[in-house]
Amino acid sequence: MKGMTVIVKTISSWVKVLIILFGIYIILFGHLTPGGGFAGGVILASSYVMLMLAFGREFVQKDLPLSLDSKLDCLGAVAFAMIAVLGYVFGKSFFDNFLSQFGRHLRLISSGTIPLSNIAIGLKVGASLFLVIFILSTFRRDSSDDKQE
Amino acid sequence: MEKSILCIPVFLPLIIGFVMLLLPNRLSSLFRVLTLIISVITFVLGIIIFTSGGTNVTWSIVQLGEIKLELLLTATPLGNFMLLFAMGFGLLITLYSLKSRSLGDDRDNANIYYGATLLTIGGSAGILLSNHLLALLIFWEIVTVSLYLLISTGKDNSNFAATKSFAMIGASDAAFMLGVFLVWVCSNENIAERTLVISSISLPTDSVLPVIAFLLLLLAAITKAGAMPLHTWVPTSGEYAPASVMALLPAAIDKLLGIYLLLIIVKKIFIIETAATLNLLLAIIGAATIIIAVMIAMVQHNLKKLLSYHAVSQVGYMILGIATGTPIGIAGGIFHLVNNAIYKSCLFLCGGAVEQQTGTADLEELGGLGKKMPWTFATCLIAALSISGIPPFNGFVSKWMIYQGVIDMASGQAGTIAGLWPVWLVAAMFGSALTLASFVKLIHSMFLSRLPSGLKNTREVSALQIIPMAILAALCVIFGIFYSQVPLQKLINPLLPSLVGENAEYKLSLWNAGLATVLIAAGIGIGVLIWLIGRLSDKIRIVPTWTCGEIQENDKMIVPGTHFYKTVSSMDGLKQLYTGQSKGYFDIYDQGGRLAMALTGFLRWLHSGMLPMYLTWLTLGLLIVLFVVCGIL
Amino acid sequence: MIGLLPAFVVIPLIAAFILPLFGKKGKDAATILANAVILLLLVLAVVAVYSGKQGIYEIGDWSIPLGINLVLDGLSALMLLAIATVATAAMLFSARYMEQYTAKAKYLSLFLLMVAGMNGVVLSGDIFNLFVFLEIASLASYALVGFGCGHEELEASFKYMVLGSVGSIFILFSVGLVYGHTGTLNMAYISQTIQNNGGLNAGLTFALALFIVGFGLKAALVPFHAWLPDAHPSAPAPISAMLSGILIKTLGVYALSRVVFNIFGVSQATGWLIIVLGLISMIIGAFLAIGQEDLKRLMAYSSISQIGYVVLGIGLGAALIQKGEDKLASLAILGGLFHLVNHAVYKSLLFLNSGSIEMATGTRRLEQMGGLAAKLPYTRATCAVASASIVGIPPFSGFWSKLILIIAAILAGYYWIAAIIVFVSLCTLIMYLKVHRYVFLGQLPEKLQNARENKGTMLFAMAFLACLCILMGLLVIIPGLKEAVLDPAVKVLTGGFEYSRFVIGPGG
Amino acid sequence: MPYALCFLLFMIGLYCAVVKKNMVKIVIGIMVMEYAVNLFLIMLGYQAPVQLTKSEKQLLSTTPIAAGQGPVVSDETGQTEEKLSVPSVAPILSREDLIEDENGQVKISQLFRMTTVDPLPQALVLTAIVISLGSLALMISICIRTYEKYGTFDITEIRRLKG
C-alpha cells in the first residue's frame, strides 16, 4: 500500500500528535470527566489507523511493529489484572481501591487506583483495536496459509 | 469363613480379572497360571457350597430413594447346582485354552482373553448366588461384557460377531433392567414395602404390568440362552469366535444363566400358572426353537456355525421342558441343560481342535481325520451321539424325560397348552431326528470320508486339550448310563422342591439303562466280531478305484457329507425360507439396524449444513419455548 | 478459601496474557507455565470442594448489591472441580498434541481465557457478569474451534459463532429485561424481588423463556444443537474435550439450572419444558450418532445425547419440586449432576482418545481404520474404560448416574421416561460398539502399519481420566463421598430460593 | 412505544441473520440485533427531565461522581460524606418517592437519583459494546478466512460439514 497524497500525509503526521495527546488526556482524566480507558484507547488506536490509511501499512509497521503491539496489548491486560491483585495484597480484597486516601477530590491525583486502571485499559484497548484493524486489513485472497493444518 | 465362602468365588475372579484386563500382554504366562489357580479355587468352592450350602451375605451398597441396592448372596439349591457346573466348565475351559493357540495371536490378546474368562467365572457365580434382582442385573451385564471381550479376541470378522452379540444381549439387558424395576413397582402396593429380593417376591400375572415385566425378563433370559427369535448372535459369533470361547460361553455358561433366569422368573418371581397364555408362549418358543434352528443347522457347511445352530436348537428342549410345568418336565429341562452344556462344550472343543490343527472350519475341506486325530474323533463321536439322543448317552435320558413331561402335561392339566401336546411332542422328536441327521453329516465330513491331501500332516492336539474333551465325553457316558444314580438322585431331585413345591415326586417310566447298555454293547460286540471274522477270512481285495485310466487327484475324489443336504435346501418352499434366512430377513438385529439406519438417514438429511436452516430451528424453538413458558403460566 | 475465590478467575486471566509474551522461542516455558496454572487451579478446586466452605466474596470490598460478588456454594464448587479436572487433562494432553500446530502460545492463551471465563460463570453472583464471563469463554471457544484454519474448521467456527452470538444476544436481552423489572443485577436480589412480588410478571416470563433458549443453545439442546456437531469435531482434540466435556455444561446446564432454580423459581411448565428438551436431545442425538462415519462427529452427537440425560435429571427435579416431592426431586437432580460430572470425565477422555487416534493414523474416518488395538494398546484400554462408562456398564461411573436417573423416574411414576433412558442407553451402546469395531478391532489397513502410540503426557492425561472414570463409580458406593461432593450441589438446586437468603444473609 | 421500536429492530436483525445468505450480511444482522439490545438497555435507564428548585441545584453542583463516591470518601473539609445507599429495587426515583428529613430537605443522594439517568445500563452497554466489538472482529476475520478458502460468501455453499 503506497498511501495517499502528500497533503494527506503531511497533515496526518501533524494531526497524529494531537490525536494521541487527546487520547492520553481522555485516559488520564477518565475519573474526572466523561471518557476513560476505553474511549481514550479507541482514540489512540484511531491515530495509528489514520497513519495506516495515509502512509500505508509498511510505514506503520516500522513505527509500531505488530509484535510490539501485541506485547503492549498483553501488558495492558496484565497490568490491569495486577492492579486488581495489588488490591488484594495491600488492601482488603481484589480490586480494592488501596490508594484511595492519596490525593484530593477532583484533582488529577485522586480516586486511587482508578486512573491506573484507566491507563492499563487504554493501553490494552488502543493496542488491541489497532491490532484488530491492522490484521483485518492484511487479509487478501490467495494469501498463503501461514498456519499449518 | 462361613460368609466369605460365598464372596470368594464372586469377587476374587472379578477383581483379578479386571486388573488383568488392564495389564500389558507381556505377562501372558502369569495370566495363565493365575487363571488356572483361580478357576481351581472357584471350582473347589463350588463343590463345597453345593455339598454344605452356605449362609447369607448381606451388604447394603446404596439406598436410592426407596430402592435399596444391596448385595445379597444366598446359596439356594438351584443356584448351588448351577454354580457347581458353571465353575466346572470354567475350569475345563481354562485347562483347554492353556495350550490352545486358536485365540488368534496370543501375544495381542492374552490379557483380554484370560481377564474376561475370569470375569465370566466371577460374574456367573455372582448371578447364581445373588438374591437381589438389581445385583443380579449387575453381574449379568458383567458376563455380557466378558462375552464381548472374549469374542473380540478372535480373528477376521470377530469384531462384527462381537458387536452383534453385545448389541443384542445389551438390548436384552436393557429390557431386563426395565423388567426389574417393573417387578419392583408391582411387588407391593405400599411403596415402603416394595422389594427386589428374589426370595420374597411372588407376583401373580393377572394384570398388565406384571405381564409386561414378565415378558421383559423373559426377553433377557431367552436372549442370553439363545432361543428363537433372539438367537441370531449365537451362530454369528459361533462362526468367528475362538472355539474355546464358544465352548465356555454360548454353549455352556450363557445357557446355564439364561435357563437359570428363566427358572427364576417362571417359578419364583412370577406365578405363571394363572396366565395360560404365557405358558403357551414359552412352549411355542421352545418348540419353534427346536425345529427351526435344527432345520437351519442341517444345511450349514461351516463346522462352528452348524454347532452353534444346534446350540440354539437344544435350548428349545429346555424351554419346552420348563413350559410343561410338570416335575418331570422341569427336571428333564434342567438335566438337559447340564447335558447340553457337557456335550456341546465337548463338540465345540473338538471343533476347535480340528480347526486349530487344520486351519479350516469348512466341512467341505475336511475329511478323513479319524485316523489322524483318534482322540478327538472318539470324543466327538460320543458327544454327537449324545446330542442326537442316542441311548445310552445322556442326551437321550433328558430328552426322554422331556417327552414324558409333555405327555404328563396332557393328563395333568387343562388349557390350550395341554391340548396341544402332540404338537410339542412331535416337534421335540422330529427335532431330535433332524439333529441326528445333521451330525451324521458332521462326523462323516470331518472324520470319515477321504483325507484331503492338504491335511496329510495333521496331528492330534496336545494332551492338555484332550483332557477336557475326554472328561466331557466321559461325563456324557456316565450321565447316560447311571442317569438315575448320579445326576438325578444326587443333583437334580434335591432342588426340585424349591421349584415346583413339595409335591415334586415323579416317576421315570421304564428305561433300564443297565440292560440297554449291555444289549447295545453286545450288539456292538457282535458287529465287531463279524468285522473281525471278515478280516480273518482275508479274502477282501483292496484296489484303487477304477477311473478308466484317468489319474484322479485325491482331492477330487472326496465325497463330503454336505452334498446330500443340499437337496433339502433346494426344496420348494424351504428354499425361499433358507435364502431369506441367509440374507438376514429374519434376523432382528439386521432388521433393527435397517430401521435405525433409515431413521438416522432422515435425521442426517435434515442436518444439511445450511446455516439459515439451523437459525430457523432456533427461531422456531424460541417461539415454542415462549408459548410453553408464557402460555401455560 | 473464600478469600481466594477471585484467584479462580484472575490467575488464568493473567497467565493468558503473559503467555503470548513468550513468543515462539519460549514455547516450552509457556507450556510449563500454562500447565502449572491449571494444576494450581485443580488444587484450589479440590480445596474448595474438600473444605466444604461456602460464602460470598465481595470484590473491591463493595458490599452487595452495590458491588460485584463471587459466590461459592455447593454447585459452584462441584463445577469448579469438574472444570479444573477436565482442563488439567486437556492441558497435559495438549503439551504434546499441540506440537503439530504452529501458534502454540496463542493456543495456550486462548485455552486459559476459556478456563477463566468458565470459572467466572460458575462463581459469578451477578447476572451481567455471568453474561460477560460466558462471552469470554464463548469467544475463546469460537477462536479455538477455528484454530486449525482449514476449510472445515473455519466453516464450523463461523456457524458456531453465528448461532452462539444469537444465543448470547438472547441472554443479554434477557438480562436487560430482568434489570428493567427488578432494578438489580445481583442474582440473589433478583430472586428476592421476584419472591416479594409474588412470582413472575409477563416481562420476566419472557426473560425466562429467552434465558432457556439462550442457555439451551449453549448447552446444545435439540433443536438449538446444530452448531455442536460441526464445532466439536473441528477443534483440536483437547479443545473438543474441553468443549464437550465441560463448556456446554458450564455455559449451558449450570447457568440454566442456576437461573431456573435459584432466580426465577421452578414451575411445572418450565420443568416439563426442560424434561422434553432433554428427552428430544437424548433420542435425536443418539440416532444421529449411530449413523456417523467420522469418529469425532459421532462423539459430538453422543454429547448431545448425554447432555440430554443431565438436563432431563434437572428438569425432572424441577417438576418434582413443584409437586412437592422434595426427596425424589433431590434424587433426580443428584442423577443429573452426577451424570454431568461423569460425562465431563468420560467424554473428555473419549475426545482425547480420538486425538490420540487421529495423531497416530492421520484420519478420523471410521472406515479407514481398523485393528488398532495392537498398535495403540493404551488408547484402546482407556477408550474401553470411557466407553464402558458412557454406555453404563455396571461398575463404572456412568452406570450409577443412569441408574439414579432411572430410579428417580420410576419412583416418580414416569415409567415411559425410564424406558426412554434405557433405550437411549442401548443406542449409546451401539454407537460405541461401532467405534470399537471399526477402530480397534478387525483388520489393520496397510497404510496404518506404522501407526504408533504417543507416550508421555498424552498417555498420562488419558490414564488420569480413565482412573477417574473407574474411581467415580465408587462415589455413590463409598459412604461419605457423595455427601461431601454431590449433596451440597444438589441442595443448592433443591433449595431454590434459599440461594438468595444465603447470599443476602439472614438480615437481608 | 420506544420498546416496540427496539423490538422491531431486534426482529429486523434476526430476520437478516436467518434469511440472508451472504456471510457478511448475516454478521450485520447479528450486529443489528446486538445494537437493538444495547438500545433497549440504554432506554431502561432513561429518566425524564425533572425541574429542580434552586437549593436543590446548589446541592447538586458537585460532580456526580464525587457525590456518588464509594465507602471511604472524605471531602475537602474532612467530613465523611454520607454513603450512597442504593436499595435493591428501582434505582430511579420520581418526585413522589422523595423523603424529606426534618429540615424539609431532601438528601443529596435522592436528588441525584431523581435527576440523573440510571448509570448502570450505560456501564452494561459499554461492556456489551466491547464484547460485541471482540466478537465482530473475530467473526469478520473468520468470514475473510472462509472466503479465502471457499472463494464465496454464500453460506449455503459453505457446507462441507453436514449429516
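Just the heavy atoms: all of them, side chains too, but no hydrogens, waters or symmetry mates, feed the values below. In what follows, chains are A, B, ... by sequence order, proteins preceding strands, each numbered from 1. What you see is a predicted model, and the numbers here were worked out from it, not measured in a lab.
- From Asp173(B), atom CG reaches atom CG of Leu429(C) across 9.0 Å, with rounding to the nearest 0.5 Å.
- With a 4.5 Å cut-off on non-hydrogen atoms, Phe440(C) does not touch chain B at all.
- In this structure, chain B has heavy atoms under 4.5 Å from both the backbone and the side chain of Ile393(C).
- Take Trp617(B) and apply the ring-ring contact (aromatic ring centres under 6.0 Å, His included) test, not counting sequence neighbours, and it matches His607(B), Tyr614(B), His225(C).
- In this structure, chain C has no heavy atom under 4.5 Å from any part of Phe139(B).
- The contact between Trp184(B) and chain C is made entirely by side chain atoms (from C-beta outward), counting heavy-atom distances below 4.5 Å.
- A distance of 12.0 Å separates CG in Leu615(B) from CZ in Phe224(C), rounded to the nearest 0.5 Å.
- Lys159(C) contributes a side-chain N or O that, together with a main-chain N or O of Gly609(B), makes up a donor-acceptor pair within less than 3.5 Å.
- Neither the backbone nor the side chain of Pro377(C) has a heavy atom closer than 4.5 Å to any heavy atom of chain B.
- Of the two parts of Leu622(B), the backbone and the side chain both hold a non-hydrogen atom closer than 4.5 Å to a non-hydrogen atom of chain C.
- Closest approach of Pro394(C) and Glu141(B) over heavy atoms only: CD-OE1, 3.0 Å.
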Under 3.5 Å, which donor-acceptor pairs link side chains of residues 430-439 of chain C to any protein atom two or more places apart or in another chain?
from	atom 1	to	atom 2	distance (Å)
Tyr432(C)	OH	Ser302(C)	OG	2.7
Lys434(C)	NZ	Ile290(C)	O	2.7
Lys434(C)	NZ	Gln292(C)	O	2.8
His436(C)	NE2	Ser387(C)	OG	2.9

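- A distance of 6.0 Å separates CD1 in Ile410(C) from CG in Leu182(B), rounded to the nearest 0.5 Å.
- Taking CG of Leu441(C) as the start and OG1 of Thr163(B) as the end, the distance is 6.5 Å to the nearest 0.5 Å.
- At least one donor-acceptor pair under 3.5 Å links the side chain of Thr600(B) to the backbone N or O of Phe287(C).
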Point to revise | Derivation and outcome, side-chain contact (heavy atoms from CB on, under 4.5 Å), residues Val213(C) and Leu618(B) | key: CA-CA 8 Å; Val213(C) 174; Leu618(B) 174 65; 4.1 Å; yes

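- Only the side chain of Trp400(C) comes within contact range of chain B, with at least one heavy atom under 4.5 Å from a heavy atom of that chain.
- With a 4.5 angstrom heavy-atom cutoff, Phe423(C) does not touch chain B via any of its atoms.
- Looking at Leu217(C), the atoms closer than 4.5 Å to chain B (heavy atoms on both sides) all sit in the side chain, from C-beta outward.
- Ranked by heavy-atom pairs under 4.5 Å with chain C, the first of Leu603(B), Leu149(B), Thr144(B) is Leu603(B).
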Exercise for review: Would you check, one step at a time, whether the test side-chain contact (heavy atoms from CB on, under 4.5 Å) holds for Ile406(C) with Leu178(B)?
Suggested key: CA-CA 9 Å; Ile406(C) 293 172; Leu178(B) 282 179; 5.5 Å; no

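- Residue Phe18(B) touches chain C through its side chain alone, counting heavy-atom pairs closer than 4.5 Å.
- Of the residues considered (Leu426(C), Leu331(C), Ile407(C)), Ile407(C) shows the highest number of contacts with chain B, using heavy-atom pairs under 4.5 Å.
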Check your understanding: side-chain contact (heavy atoms from CB on, under 4.5 Å) between Glu155(C) and Leu611(B): does it pass, once the steps are laid out?
Key -> CA-CA 10 Å; Glu155(C) 180 191 339; Leu611(B) 186 61; over 6 Å; no

Practice item. Carefully, step by step, assess Phe211(C) and Val629(B) under the rule side-chain contact (heavy atoms from CB on, under 4.5 Å). Key: CA-CA 11 Å; Phe211(C) 268 134; Val629(B) 174; over 6 Å; no

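- For Arg604(B) (side chain) and Leu288(C) (main-chain N/O), no donor-acceptor pair under 3.5 Å exists by modelled atom type.
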